[in-house]
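Before any comments, here is the structure.
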Amino acid sequence: MSKAFKSYTDAELINLLSDRKKESAAFSEIFERYKSLTSAYSKLYVKDHDAAEDIFQESFIRLYKTLKKKKDPQNIPGLLITICRNLSYNLKRDTKIKVAPEDVSLISEDGINFENKELLELVLMAVEFLDEKYRRAFMLREFDGYQHKEIAKVEDITIGNAKLRVRRAKQKIIEILQPYIKDLEKS
Amino acid sequence: MNNIDNLHSLLEGGLTDAEEKNLYAELSSDSILRGEMRNILALNESVSSNRTMFLTSPSSKAAIFSSIGLTAGAVAPSLFSRIVSSKIFLSIASSILTTIAIFSIFNFGSSEETVLSNENQTPNYVKETIELALLPEQNFEENSDIVAYRSFANTSFAKPVSFANTLQGSGNQNGNQVQGNTIADKFDNVDYVSESKNITLNLAPKLNYTDNLGTLSARSYSFENTSFENQNNGYSKNEFSQLKSRFSLEWNTSESVHFPEERITPSQFATFHNNSISLLYDVNSRLTIGANARQETFYLVYKGIANNNLSTIYEQQPNLSSFSGLLRYDLFEVNKNMPYELETFTELQLGGNTLGPVGRIGIGLEFRPVRNITFVVAGQYSQLRFWHQNNGFQSEKFSLNYGVRFGF
């Protein structure tokens, strides 16, 4: 009986992409793990919903091609954020928006506090620096809204361990973002 | 638990009143702890207030996978697999199977009706001098009232015992040829002596008969043995069916080859994948009916129109729980009471699962080393018929099934 794909590490899933029979299932698992992260990042700087959706889809398509070309294990969230960010910048660079003064209010920020958005971007970037088990627990909890017992079931750990991993992940993110958070507090 | 962990527990609502009070007291006097609290709150707020940004469209995955030439389809685990993947069910199922296996191995031949006469119980002279003639009034093959035959010769197998309604014999008494009849009706003591004819017949325990004419002496008589020289004599299928239950439980596992050859596999195979269990009932010596439950996969290739109006070829291999009725027919009639018998059978199964109807046809062999345990191996062709967007498709596979059948 095959090992459940949810229990595979990112590196193992990347290796399975070279197996024709298993690559669909392996990439499906990669997609499920990082779709929330990529979706949030693609919407951070691209207001248009359709454009954000295009960037989201293109990010995974380019991720797949990159993983297939390079045989050595990659940092998947790091790759995704890099691809996503570059696509967002390219879109902004290539899009010229002409706005009449009276329409300014229509393109104003849609309720996302500037500092909050900036912190969100920092959080998304900091996620890639977490150990895989802490990253997965944090993303399941914060991005996908899983309860601790659901995380425990998915990761095959105790509820106590699930709580611990989420806490450790948050502490690590705070540690990584310490300089930035201090700046935010000062502003 | 340190204060940082307490902060997390406070925000998750996991502290008692006393612990909260202590933590607030710590916060009021510790500026660093208050700074940590603000960091955690800011982190939580930045994510939770933007939760909608993490949501993805269901069609996104299909569009991505279509672009890169992969299949995004994933089938939810079936109800059966969700049930059997639970630990409680696994524990119960393994206990039941273990009990059945132990019962079958250690209890065959121990029923009252099949207690043997063994060499220790039967005096040697009985075997030497008695050649019992059991000349039934009626044909045992058709008379369902007769219990069974018993063999003295071979104690290795649980052979049932029967005795005729009437025993006939001839022999010498004091140099005279004597003939007589006796009626056997129930099991009793070994010796029986006739007053009228001074005949004593020593038989195995549990065999007794009343003699309206007198007893038959083992030392004096020799009986034509029409029963025990031929071990097959007397094993009528009616007798067999009276002595043991016709029900049996069969467990199988299988190896399958899909047509066309599978290109994808499920992300997770269901528990009990490629295992099946059947409850069987022997209608007669050649025909068996039953019900089968199986956990399996079928490799599906089908066409449809996707959400983006593109003509799409889908490939899937979902986990399926299939339920069927089955009909099994022995190609050659054999004695089911005899061990080491090899039987050839054909089988037809009709049933279905959540995707559609399933039909199977197969041919196999059964080998019975001991009475209540049979090893089964069979080749089987299966076909699933399913529909997508009002178009019908089929999936085929060939399986090699092997397993064990336990008689009750």
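Bear in mind the structure is a predicted one, so any value in this text is a computation, not a measurement. Numbers restart at 1 for each chain; the letters A, B, ... are given by sequence-line order, proteins then strands.
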Can you tell me which portion of A/E29 sits under 4.5 Å from chain B's heavy atoms? Options are side chain, backbone, both or neither. neither
Please check this pair: side chain of A/S39 against backbone of B/L55, looking for a donor-acceptor N/O pair closer than 3.5 Å. yes
Angle between ring planes, A/F27 versus B/F65, binned at 30° and 60°: parallel, tilted or perpendicular? tilted
With a 4.5 angstrom heavy-atom cut-off, is it the side chain or the backbone of B/S60 that approaches chain A, or both, or neither? both
For residues 79-89 of chain A, which residue pairs qualify under side chain to side chain donor-acceptor pair (under 3.5 Å), counting only residues two or more places apart or in two chains? A/Y41-A/R85
Distance (rounded to the nearest 0.5 Å) between A/L119 CG and B/N39 CG: 9.0 Å
Is it true that, when you exclude A/F31 itself, more than 12 heavy atoms of the residues, nucleotides or ligands shown sit nearer than 6.0 Å to its CZ? yes
What's the separation between atom CD in B/E315 and atom NZ in A/K21, rounded to the nearest 0.5 Å? 12.0 Å
Interface check, chain B: of A/I61, A/L124, A/V123, most non-hydrogen pairs under 4.5 Å belong to A/I61
For A/L37 against B/F54, the heavy-atom pair lying closest together: N-CD2, 4.5 Å
Do B/K61 and A/S28 have side chains that get closer than 4.5 Å, going by heavy atoms? yes
Is A/F143 in contact with chain B via its backbone, its side chain, both, or neither, using a 4.5 Å heavy-atom distance? both
Region of B/I40 in contact with chain A, defined by heavy-atom distances below 4.5 Å: both
Side chain, backbone, both or neither of A/E23 within contact of chain B (heavy atoms, under 4.5 Å): both
Neighbour count >12 (heavy atoms, 6.0 Å) for atom CG, B/D17: no
For the CD atom of A/E53 and the OG atom of B/S59, what is their distance to the nearest 0.5 Å? 6.0 Å
Top contributor to chain B interface from A/H148, A/K65, A/K163 [non-hydrogen pairs under 4.5 Å]: A/H148
Of the options A/K170, A/R167, A/Q171, which is the one that meets B/H8 in a side-chain hydrogen bond (donor to acceptor under 3.5 Å, both in side chains)? A/Q171
Flag side-chain contact, heavy atom, 4.5 Å: B/D5 against A/R168: yes
